[in-house]
Amino acid sequence: MHTKRLSDHLHIIDLKPTGLENFIASYVLKGEKATAIIETGPTCSIPNLLSGLEEIGIRNEDVDYIMVSHIHIDHAGGSGTLMRHLPNARLIVHLRGAPHMIRPDKLWEQSKLVLGKVAIAYQEIEPVPENRVITPSDGAVFDLGGSVHVKVLETLGHASHHLAYYDTDSQGIFQGDAAGIYFPKLDATIPTAPAPFNLEMTLASLHKMTQLQPKRLYYTHYGPVENGLERLKRYEAQLHLWANVVSEAVKRGDTLESTYQQILEKDPQMKATADFIAKHLVLREGVALQNVHGYVEYFKKKSLA
Ligand SMILES: [Zn+2]
């Protein structure tokens, strides 16, 4: 069993990429007339996603939409492979991300460059047929039937091609990487800020999400949480804390490693995750240092502007 029922309409599937549990989630949202999958994970986890659908009792031909938050390999890399199995599904993706899903060669090369061994483990990105792609505008609503509507929220900052999805039925937001990575067992988040990270845009996106006063958040990394609004505010405070530490470190010319250590000392949430992160290759190389690096690059660019 790697699925869990969250409500009458909503299930979570643990995609377990490279066997790593509780790291990448896919959500399945089912209305009276349509079904959507939110996030695909990378190519290597599509077999787990498909067996998850079977476990929930959803037939492949009944999936109408695949909604991805953004085109990074851990969120959308499996889209092309998944769509070969779901004959009626269309991909919902940000306008700026769509060309890279249709012709993923550059995205794949970039993924290998940034993530190295982790990208290879995630496996190559297959193209998505152009006629099966939808690029909604900010605020667009998808009616899945009954009480289930999904509102698209353009939420830039983590990436220039990021969308979040608000589920009116559960009053929860599938926020992709717009509000950090959550470690359920540690009850801590860390920022999702790889270069080219934009702090102002991330804060504006957070503001857009807090306006909805969400009751819950559905983290891709990882899992559902209650008190969505408070979680967003706590994340905002963490982003400011990192900004204070990193802007000073950049002024002094500190190394990346030293900056990382300073964050570990000053951010209790980061400290709580330190041992866990150190144990996993994907987290250490693909996440923690990348995020500090993204912050450093952001403040370096700012000091030059
Ligand atoms: Zn991610």
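Whatever order the structure lists them in is the order used to number ligands and atoms, beginning at 1. Just so it is clear, the structure is predicted and the values come from calculations on it, not from any experiment.
Listed by chain and residue number, nothing satisfies the side chain to side chain contact (heavy atoms under 4.5 Å, CB included) test with Glu265 (two or more places apart in sequence, or in another chain). For Glu126, the side chain to side chain contact (heavy atoms under 4.5 Å, CB included) partners are Thr81, Arg84, not counting sequence neighbours.
The set of protein atoms (N, O or S) found at less than 2.8 Å from the Zn ion (ligand 1) reads Asp74 OD2, His75 NE2, Asp177 OD2, His221 NE2, by chain and number.
None of His72, His94, His70, His75 except one satisfies the ring-ring contact (aromatic ring centres under 6.0 Å, His included) rule with His162; the exception is His70.
For Lys208, the NZ atom sits in a packed shell: over 12 heavy atoms of surrounding residues, nucleotides or ligands are nearer than 6.0 Å. By the 6.0 Å contact criterion, CD on Glu130 is open, its count of non-hydrogen atoms from other residues, nucleotides or ligands being 12 or less.
For residues 225-244, the set of pairs meeting the ring-ring contact (aromatic ring centres under 6.0 Å, His included) definition, not counting sequence neighbours, comprises Trp242-Tyr295.
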